[in-house]
Amino acid sequence: MENLGILTALFFLFSSSTSLHPSSQTNLQNHCLDDQRSALLQLQHHLYYAPNFTFSSKLELWDPNTQCCSWKGVTCDALGHVIGIDLSYQNLSGSFYSIFNLHHLQRLNLAANNFNTTLFQYGFGKLPNLTHLDLSASCFHDQIPVGISYLTRLVSLNLSYQDDCYWRNDQSSASLKLEKPNFKTLIKKMRSLRELYLDGVNISSQSSEWCETTSLSLPKLSVLSMSNCDLNGHFPAEFFLLPKMQRIDISDNSRLMGQLPEFPINNTLEVLSLQYTNFSGKLPESISNLKLLRVLTLSKLSLNFNSISGSIPPSIANLSNLVELDLSGNNFNGLIPPFHRSGVPNLAYLDLSRNRLSGSVPSSLFTLSTLQTLSLGYNSFSDYQLKLDMFFQLNNLRFLDLSNMSLLIGSHNKSLTFPQLEGLALRSFNLTEFPEFIKSQNKLTSLHLSNNRIHGLDPNWLWKTTLIWVDLSSNRIDIPNQIAFDDAISSFPMLRWLHLQSCNISTFPAFRKSQESLEDLDLSNNKISGAVPNWVWKKSLQSLNLSNNSLTSLDQFSSNQDSLRAPICNLSQLQSFDASFNKLSGSIPSCLGNINTLSFLYLQQNNFSGSIPDFGGATQLYALKLKDNKLEGKLPRSLANCTMLYAVNLGNNTLHDTFPLWLGKLPGLMVLLRANRFYGPIKHLENNFPKLDVLDIASNNFSGQLSIEFFQATHKLRSLKINGNNLEGKLPRSLANCKKLEVLDLGKNMIHDTFPYWLVKLPLLKVLILRSNRFYGSIKFFEDGNAFPMLHILDLAYNNFSGEVSVDFFQSLRGMMVIDGNKVKPSYVGDNYYYKDSVTIMNRGFEIFYQKILTLLTCLDLSNNNFHGRILEEVQDLKSLHVLNLSYNGLFGPIPSALGSLTELESLDLSRNSFSGKIFPQLTSLTFLAVLNLSYNQLDGRIPESNQFGTFSNDSYIGNPRLCGVPLTRKCNEVGSKMLPPKEDEDL
């Protein structure tokens, strides 16, 4: 019996060990259980090959006449249970229900297939033994099912990069999302989880809740990969300090904030990727404790992000395992660390560009023989004697970027070469001619020489047959019509990308005739006129930018651009076409609406006429800009089929239609229909416009009342402009649900209501325009310390408001009380690539249209109402005011000296009131004041003369018969400031 117990124990030990190492058992199986074999054959029956989402053939991966445990991709344990299935990278589609009958399954890998379905239908909870699940890049979309949260034994979970599958198949992308269950619910029972890959999964709806207690829930975590998840909130510093953490990738989450902690000795991090996040703070000296670190990327894409600042710790140059270091686009200052091959012997990638680094480039840098990519451009180095020759010591360089640096280029370096160089960027390098060392770069594929002072004819040797990407923009060069090479060379068979914008070119480069492989051509901002030659329209083109020229036709031989035979119709691969700011006329070619690859179409500010084409075939359309033309008729209903559509800008045409409620089902949208002839009520259907971001329908003929239901549905609205219509009735209280609202412009309508005090709770509201309506009554506020926390433009002019301007009113304007000290780096409201918020306000006595709204601009306009009483001293709290207009009211009493505290004030208009008394000298402290209007009041005494007051004319004071002194001709007595008797022609 004792021997039997030992044998039994050995059997189970063997079985357990082989389960842990399934790969070692693949060839040791002698039998296969019938139920396992049956489930696998059902799986094969329900799967098929589907490259590009197209059925190709049924799956015949396995031979049913052989043992299932020997089948490709199948792993069994000693008892014949299937414990592993790997069908990755097979272009499979169909269903895989039968997998969930394999209850012993431990590893499942279906990565890189083409399922294009949801995961709702599958019962992952039936696989309790699963330890490894990989469903990455297989076109799964919608909600992650709650069943995955039941897999409590999971060691590795990979649901990442579903977008890659759609891109791979040239299909419109969809993503997985994590809402119900949320992130916290998904992982809270996965205490054994070591690897978590959720890259590209949308977790945006969870605010910062996704990260709360997460580090405590996953104590064994070694890999956290959550790039491009739209994460927000603060990233917990505890993640960096988990004892087994090796890799963190939270890149491409622009709203995710955080700071790097102090790292302890023996930290296990090997990869730390934080690029394109909103991290700030400093790079700690303790970064030197990351002895195993191979990759550190902290790069930033835009000035709108926070940045890492301070100096780069010199000790980073001693991380001996470091292979990749990218600190670009931050705010680092000081010196480049003393990188040397003895400290970083494996460093292959170094990017320190777009910082504020100063001093010299250390000579030790040129000892890095393993360096393949070096980017130092756009810093503040002061080593003006550094020679380009020094960089030729880096024999393994494949990419070099020294843009915006001042290096000496000696004539003797013509014979020097980078033997491996593939990419060279010398933008803003103060070049006056093409560097001759380029002639000997026989592997060069990418050349960027934009923003230099190169002029004259470009040499033939520049055009190498190896070149793929060329950017010579913003130079004054002459492109030869013919290049003296044989036909094989002059066709540049490798050239894919050519940018010649702002090069003073007046004709299309004729050598383009032989280009059959070019995919991206940019000739914008030149002086090209006339018609586009038909040889420009090559089938290979994917992106074509002809904007800001003087083109008159898109067809060299025909005035009928609507013809389906127009040469532009040949561009079946076109993704982006920009012919904005030209002189194009006639109809928009209708074939553009049939190009199923087209994503961006920009034709604004031309003379196009007729109707907008049918876009039923342009299912990939993302941005459509046709504003500032002469288009008419109705909007094509086929736009509703463009499910990728985000930005529609059709402003300043003569379109005549009703409100396009049929666009309301599109997933995310900016609708810009300003200055047309749209009419009728703004209708609404249930659940319409759930993700509407911007709605600009100003200056049309919309009428009726605003719908309560509309604003209940459009709760994600960021900017609403409906000014210049015929809207009436009350303002819907449902507007208070739009918590993301930043700009609200209701001006020039007939809205009849009291002041919307209930808007004070909108946390992001920056601009509120109610001018020229029929608002009435006093402005009342209930006590609230958080009222209008970000409001900096408030325009209530031309209404029927009455009563006193109360203390509560001034105290509610919290956003006007703080001066923004960041004047060096201006920012704008709604600074989006596709749309920038604009506003019209009265400033300096004129109605001014601001195409972009500086967040620094602070305005308060209460003019042309029925306010009465005194200006209270509390006005001095609005310290950031640039414009204050209280004209045309019934205000009286003295002008408060407290106005002298508004040191940012540039325009002050108190005209047409009943102010009395003297002009206090404290107002002369307003040194930025450019416009002052105190006319038609009851002021008396001497006008102050110092500072800005010496620049104002008579018009500033006219209608105050008791005022005297410069600039009026009415004199004052030297004692007591009493007036001398007026002359007959004296100013009154």
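Reckoned from all heavy atoms, side chains included, excluding hydrogens, waters and symmetry mates. Remember, predicted model here, so these are calculated numbers, not experimental data.
The aromatic rings of Phe755 and Phe801 sit perpendicular, their planes meeting at an angle over 60°, well past the 30° parallel limit.
A donor-acceptor pair under 3.5 Å links the side-chain atoms of Asp745 to the main chain of Gly747, judged by distance alone. Although no hydrogens or angles enter the test, the distance criterion places a donor-acceptor pair under 3.5 Å between the side chain of Asn725 and the main chain of Ile697. Asn700 places a side-chain N or O within donor-acceptor distance of the main-chain N or O of Ala698, the cut-off being under 3.5 Å. Not a single donor-acceptor pair under 3.5 Å links the side chain of Asn331 to the backbone N or O of Ser307. Remark: the backbone N or O of Met816 is paired with a side-chain donor or acceptor of Ser880 at under 3.5 angstrom. Remark: the backbone N or O of Phe775 is paired with a side-chain donor or acceptor of Asn799 at under 3.5 angstrom. A donor-acceptor pair is defined here as one N or O able to donate and one able to accept, closer than 3.5 Å; such a pair exists between the side chain of Asn676 and the backbone of Leu650.
Other residues, nucleotides and ligands contribute more than 12 heavy atoms inside 6.0 Å of the CZ atom of Phe702. Within 6.0 Å of OH on Tyr835 lie more than 12 heavy atoms contributed by other residues, nucleotides or ligands. Lys627 NZ: 12 or fewer foreign heavy atoms inside a 6.0 Å radius.
Minimum heavy-atom separation, Arg255 to Asn232: NH2-ND2, 3.1 Å. Residues Ile751 and Asn773 come closest through the heavy atom pair N-OD1, 3.0 Å. The two residues Trp758 and Arg733 come nearest to each other via the heavy atoms NE1-NE, 3.2 Å.
Residues satisfying the salt bridge (charged side-chain N to carboxylate O under 4.0 Å, His left out) criterion with Arg870, sequence neighbours excluded, are absent altogether. Partners of Ser925 under the side chain to side chain contact (heavy atoms under 4.5 Å, CB included) rule, at least two apart in sequence or in another chain, do not exist in this structure. Partners of Met842 under the side chain to side chain contact (heavy atoms under 4.5 Å, CB included) rule, at least two apart in sequence or in another chain, are Arg771, Glu847, Asp861, Asn885. The side chain to side chain contact (heavy atoms under 4.5 Å, CB included) check on Phe846 picks up Ile848, with sequence neighbours excluded. For the side chain to side chain donor-acceptor pair (under 3.5 Å) test, residues two or more places apart in sequence or in another chain that qualify with Asn652 are Asp628. With sequence neighbours left out, Gln948 forms a side chain to side chain donor-acceptor pair (under 3.5 Å) with no residue at all. By the side chain to side chain donor-acceptor pair (under 3.5 Å) test, Arg774 pairs with no residue at all, sequence neighbours left out. For Asn749, there are no side chain to side chain donor-acceptor pair (under 3.5 Å) partners at least two apart in sequence or on another chain. Partners of Lys740 by salt bridge (charged side-chain N to carboxylate O under 4.0 Å, His left out), not counting sequence neighbours: none found.
Taking CG of Leu639 as the reference point, atom CD1 of Ile612 lies at 7.0 Å (rounded to 0.5 Å). Between Arg942 atom CZ and Ile919 atom CD1 the span is 12.0 Å, to the nearest 0.5 Å. Interatomic distance, CZ of Arg912 versus OH of Tyr888, reported as 4.0 Å (0.5 Å rounding). Interatomic distance, Leu929 CG to Asn947 CG, rounded to the nearest 0.5 Å: 10.5 Å. Here CZ of Phe949 is found 7.0 Å from OG1 of Thr924. Values are rounded to the nearest 0.5 Å. Of the inter-residue distances, the one linking Asn960 atom CG with Asp940 atom CG reads 9.0 Å to the nearest 0.5 angstrom.
Each of Leu768, Val743, Ile853 was checked for a side-chain contact (heavy atoms from CB on, under 4.5 Å) with Ile793, and the lone residue meeting it is Ile853. Just one of Leu813, Val829, Val818 meets the side-chain contact (heavy atoms from CB on, under 4.5 Å) condition when paired with His792; it is Val829. Of the options Leu765, Asn723, Leu717, a side-chain contact (heavy atoms from CB on, under 4.5 Å) to Leu744 is made by Leu765 and by none of the others.
For the residue pair Ser580 and Gln604, a side-chain donor N or O sits within less than 3.5 Å of a side-chain acceptor on the partner. Looking at Ser778 and Ser802, their side chains never bring a donor and an acceptor atom within 3.5 Å of each other. Checking Tyr798 against Asn865 by side-chain atom types alone, no donor-acceptor pair falls below 3.5 Å.
Between Val694 and Leu692 the shortest side-chain heavy-atom distance does not fall below 4.5 Å. Looking only at side-chain heavy atoms (C-beta outward), Asp877 and Phe810 stay at 4.5 Å or farther from each other. Gln259 has its side chain out of reach of Phe279: every pair of non-hydrogen atoms, C-beta onward, lies at least 4.5 Å apart. In this structure, Leu796 and Ser863 have side chains that are not in contact, with every pair of non-hydrogen atoms separated by 4.5 Å or more. Between Ile769 and Leu746, every side-chain heavy-atom pair lies at or beyond the 4.5 Å cut-off. Contact check for Asn629 versus Asn653: side-chain heavy atoms found under the 4.5 Å cut-off. For the pair Asn726/Met750, a side-chain contact is recorded, criterion being any heavy-atom separation below 4.5 Å from C-beta on. When side chains are defined from C-beta on, Leu624 does not count as touching Tyr602, because their heavy atoms never get closer than 4.5 Å.
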Kindly list each side-chain donor-acceptor pair under 3.5 angstrom involving residues 931-938, sequence neighbours excluded, with atom names and distances?
from	atom 1	to	atom 2	distance (Å)
Asn933	OD1	Ser935	N	3.1
Asn933	OD1	Ser935	OG	2.7
Asn937	OD1	Asn913	N	3.3
Asn937	OD1	Ser914	N	3.2
Asn937	OD1	Phe915	N	3.0
Asn937	ND2	Leu910	O	3.0
Asn937	ND2	Leu934	O	3.1
Asn937	ND2	Ser935	O	3.2

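For Phe678 and His656, the distance between ring centers is not under 6.0 angstrom. In this structure, His868 has its ring center no closer than 6.0 Å to that of Phe892.
The salt bridge (Lys or Arg N to Asp or Glu O under 4.0 Å) pairs that include a residue from residues 692-701 are Arg674-Asp696, Asp693-Arg718, where partners are two or more places apart or lie in different chains. Counting only residues at least two apart or in different chains, salt bridge (Lys or Arg N to Asp or Glu O under 4.0 Å) contacts with residues 719-730 comprise Lys721-Asp837, Lys730-Asp753.
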Could you go through the side chain to side chain contact (heavy atoms under 4.5 Å, CB included) check for Asn954 and Ile958 one step at a time? CA-CA 6 Å; Asn954 288 4; Ile958 193 170; 5.9 Å; no
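We find that Lys780 and Asp808 are not joined by a salt bridge, their nearest charged nitrogen and carboxylate oxygen being 4.0 Å or further apart.
For Lys852 and Tyr828, the positive end sits near the middle of the six-membered ring, less than 6.0 Å away and at most 45° from its axis.
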